[in-house]
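A short worksheet on the structure shown next.
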Amino acid sequence: MTGKTSNQTTKDQSAAENPKVDPSDESNRIKDPDEWTTGAEPMTGAQASYLKTLSEQAKAPEAFEADLDKAEASKRIDALRKDTGKA
C-alpha cells in the first residue's frame, strides 16, 4: 500500500488535469489588447459605460468614442485609470 487513500489519489489526479494549477500554463495570462482574438469587435456595454465615466472623471471627454473596438477601449480605460489614480 502506498499510504494514499483513494480519495487522495482522486485529488492528485484532478490537480494534474487542472490547467489552473499548472504554473507553466500561460493560457490565462493577461494579454495585450492588440493580441486579443476578439479585439476588433465593438466594445462591450460595460466597457462603454466605464470608459464614459472615466473620461468624465478625467475631464477628457474626447477619450470616449462610441464606435471604439474592444482593444482600443481597453487601452483607453487603462490610460484613464492611471490618469485618475484608479490603477
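Computation of the quantities below employed the complete heavy-atom set of this structure, encompassing side-chain atoms and omitting hydrogens, waters and symmetry-equivalent molecules. We number each residue from 1, following the sequence as shown. It should be emphasised that the depicted structure is a prediction, and the values quoted were computed from it without experimental measurement.
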- Query: Taking all atoms of both residues into account, what is the closest heavy-atom pair of M43 and E65, and its distance?
  - Reply: CE-O, 3.2 Å
- Query: Do K70 and P33 have side-chain heavy atoms sitting under 4.5 Å apart?
  - Reply: no
- Note on the structure: L51 and A63 have their tightest heavy-atom pair at CD2-O, 3.9 Å
- Message: Nearest 0.5 Å, please: how far is CD in E72 from CD1 in I77?
- Response: 10.5 Å
- K31 and W36 have their tightest heavy-atom pair at O-NE1, 3.3 Å
- Query: Looking at OG of S74 and CG of D32, how far apart are the two atoms once the value is rounded to the nearest 0.5 Å?
  - Reply: 8.5 Å
- Of the non-hydrogen atoms in F64 and S55, which two are nearest, and what is the gap between them? CB-OG, 3.7 Å
- Query: OG1 of T38 to CG of D69: how many Å apart, nearest 0.5 Å?
  - Reply: 9.5 Å
- Message: Please report the interatomic distance NZ(K82) to CG(L54), rounded to the nearest 0.5 Å.
- Response: 13.0 Å
- Which atom of E62 lies closest to which atom of R76, heavy atoms considered: O-NH1, 4.0 Å
- Backbone of G45 reached by a side-chain donor or acceptor of S49 within 3.5 Å: no
